[in-house]
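These notes concern the structure reproduced below.
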Protein chains: 2
Amino acid sequence: MLQSMTAAVELTGCTWHDVKAMLHRVGLRPTRQRLALGWFLFGKGDRHVTAEILFGEASRAKVPVSLATIYNTLHQFTDVGLLRRVVVDGSKIYFDTNINTHHHFFAEGENELLDIADGDVLVGNMPKPPDGYETTRTDVIVRLKRKT
Amino acid sequence: MLQSMTAAVELTGCTWHDVKAMLHRVGLRPTRQRLALGWFLFGKGDRHVTAEILFGEASRAKVPVSLATIYNTLHQFTDVGLLRRVVVDGSKIYFDTNINTHHHFFAEGENELLDIADGDVLVGNMPKPPDGYETTRTDVIVRLKRKT
DNA sequence: TTACGTGCAAATAATTTGCAGTCCC
DNA sequence: GGGACTGCAAATTATTTGCACGTAA
């Protein structure tokens with residue numbers, strides 16, 4: 001999976017020690033809560049997580065973390081490039097632990113977000129941005145519904 | 001403005017009378033507020049509108065409409081296919097009066113949404129949906145930032 | 001020590017809802 | 001008249017913020 005980019009090495013299926021190293025690398029103090037959340041996020045491969053989901057996992061695991069800290073941590077991780085924000089519906093924000101170029105399936109009813117392997121979607125003939133602007137990223141969301 | 005001709009006839013650049021006809025066609029009663037909002041929405045070509053924007057326009061035009069009715073109307077119009085929901089950031093929802101297939105530019109800083117003409121983006125090699133699901137729509141959002 | 005982190009509770013922001021009163025057919 | 005529609009205010013939901021206290025370097 002992510003065994004390529006230097007920055008991504010320790011991020012997938014990493015050990016507890018890797019989380020510590022990861023935090024050090026991005027310049028965030030390895031606090032109890034960041035270590036725990038880092039493990040939940042990066043300890044089991046690619047995931048799509050909302051603040052609520054992560055909060056639930058922490059609670060269930062009896063790791064005391066406040067919801068505010070969940071939000072702080074998700075945003076800090078995003079700012080240093082460990083996570084990627086994904087917007088699909090108007091309400092919740094999803095955070096994707098896969099920071100490589102790829103797009104998403106979204107099952108409307110189930111609020112289920114799914115990676116589309118990079119290369120499975122080709123966006124061709126990219127329109128050039130209006131004058132004075134440059135493209136930062138292109139997001140593709142393929143919306144799904146259950147077959148009848 | 002436009003005095004068009006086809007299926008979308010009354011939908012783009014329409015006159016007051018056209019809004020009435022449009023409402024009748026989709027089975028919504030032509031109330032004072034729906035006529036007014038319909039005119040704001042469809043009276044001047046393609047637009048991207050939030051509830052807040054539309055509310056502001058109505059207020060400025062001294063058309064008495066409550067915010068709740070703005071939301072109701074936007075959703076009703078969407079449900080009958082007159083509008084299309086566009087999700088770009090986690091917060092506001094945009095409604096697009098252009099219901100044809102097309103994608104969007106989004107200038108992050110400015111909260112400015114812009115149509116990309118259909119055909120200007122080609123999504124090739126569409127991934128087939130997971131078993132039991134079918135694709136309802138594919139959204140492409142090209143995110144922009146001001147050049148330095 | 002000391003700046004960075006965290007928790008809590010209160011504050012926002014966008015949107016929804018309940019319901020009494022109003023309007024169209 | 002009767003159901004569809006509207007307005008208001010209160011309720012929800014997701015997220016943010018202010019600030020006293022805790023903790024890694």
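Below, chains carry the letters A, B, ... as their sequence lines are ordered, and counting in each starts from 1. What you are looking at is a predicted structure, and each value in this text was computed from that prediction instead of being measured. All values below come from the heavy atoms of this structure, side chains included, with hydrogens, waters and symmetry mates left out.
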Report task. Measure from the side-chain heavy atoms of Q33(B) and tell me the nearest of dC5(D), dG7(D), dA14(C). Result -> dG7(D)

Requested in this report: In whole angstrom, give the distance that lies between atom CD1 of I53(B) and atom C1' of dA14(C).
Outcome: 13 Å

Query - Gap separating the CD1 atom of I93(B) from the CD atom of E52(B), nearest 0.5 angstrom - result: 13.5 Å

Report summary line: Tightest non-hydrogen contact, residues L67(B) and A51(B), listed as CD1-O, 4.4 Å

Report task. For I93(B), answer base if it contacts any base atom (sugar-phosphate contacts may also be present), sugar-phosphate if it contacts only those atoms, and nothing otherwise; contact means non-hydrogen atoms under 4.0 Å. Result -> sugar-phosphate

Query raised in the report: For E52(A), which contact category applies under a 4.0 Å heavy-atom criterion: base, sugar-phosphate, or nothing?
Result: nothing

Report task. Could you work out which one of dA14(D), dC23(C), dG5(C) sits closest to the side chain of Y71(A)? Result -> dA14(D)

Requested in this report: Ignoring backbone atoms, test whether T31(A) places a side-chain nitrogen or oxygen under 4.0 Å from the OP1 or OP2 oxygen of dT23(D).
Outcome: no

Requested in this report: For dT16(D), take OP1 and OP2 only and decide whether either is under 4.0 Å from a side-chain N or O of H75(A).
Outcome: yes

Query raised in the report: Starting at NZ of K92(B) and ending at P of dA14(D), how long is that distance when rounded to a whole Å?
Result: 18 Å

Query raised in the report: So which of D139(A), D46(A), D79(A), D115(A) actually passes salt bridge (Lys or Arg N to Asp or Glu O under 4.0 Å) with R84(A)?
Result: D139(A)

**Report entry** Distance in angstrom units between I70(B) CD1 and dA14(C) P, rounded
**Finding:** 14 Å

Requested in this report: Report the nucleotide, chosen from dT15(C), dC8(D), dA4(D), that has the shortest atom-to-atom distance to any side-chain atom of L67(B).
Outcome: dT15(C)

Report task. Return no unless some side-chain N or O of R32(B) is found under 4.0 Å from OP1 or OP2 of dT6(D). Result -> no

Query raised in the report: Nearest to the side chain of R34(A), which nucleotide is it out of dT6(C), dA3(C), dA9(C)?
Result: dT6(C)

Query - Nearest-Å distance for atom pair CG/P, residues L74(B) and dA14(C) - result: 15 Å

**Report entry** Approximate separation, where rounding is to 0.5 Å, of D89(B) CG and Y94(B) OH
**Finding:** 6.0 Å

Report task. Measure from CG on L23(B) to P on dA4(D) and round the result to the nearest Å. Result -> 17 Å

Requested in this report: Give a yes/no on whether any side-chain N or O of T69(A) is located under 4.0 angstrom from OP1 or OP2 of dT6(C).
Outcome: no

Report summary line: The nucleotide from dT23(D), dC24(C), dT6(D) with an atom nearest the side chain of P30(B) is dC24(C)

Requested in this report: On DNA chain C, check which nucleotide each of L28(A) and R85(B) is closest to and give me the residue with the more 5' one.
Outcome: L28(A)

Report task. Anything under 30° is parallel, anything over 60° is perpendicular, the rest tilted; go ahead and classify H48(B) against H104(B). Result -> perpendicular

Query raised in the report: Can you tell me how far C1' of dG5(C) sits from CZ of F77(A), to the nearest Å?
Result: 13 Å

Requested in this report: Starting from P on dA13(C), measure out to OH on Y94(B) and report it in whole angstrom.
Outcome: 16 Å

Query raised in the report: Roughly how many Å is it from CG in N72(B) to C1' in dT17(C), rounded to a whole number?
Result: 10 Å

Requested in this report: For H24(A), answer base if it contacts any base atom (sugar-phosphate contacts may also be present), sugar-phosphate if it contacts only those atoms, and nothing otherwise; contact means non-hydrogen atoms under 4.0 Å.
Outcome: nothing

Query raised in the report: Any chance the side chains of Y71(B) and Q76(B) put a donor and an acceptor closer than 3.5 Å?
Result: no

Report summary line: Ranking dG7(D), dA3(C), dT15(C) by distance to the side chain of R29(A), first place goes to dA3(C)

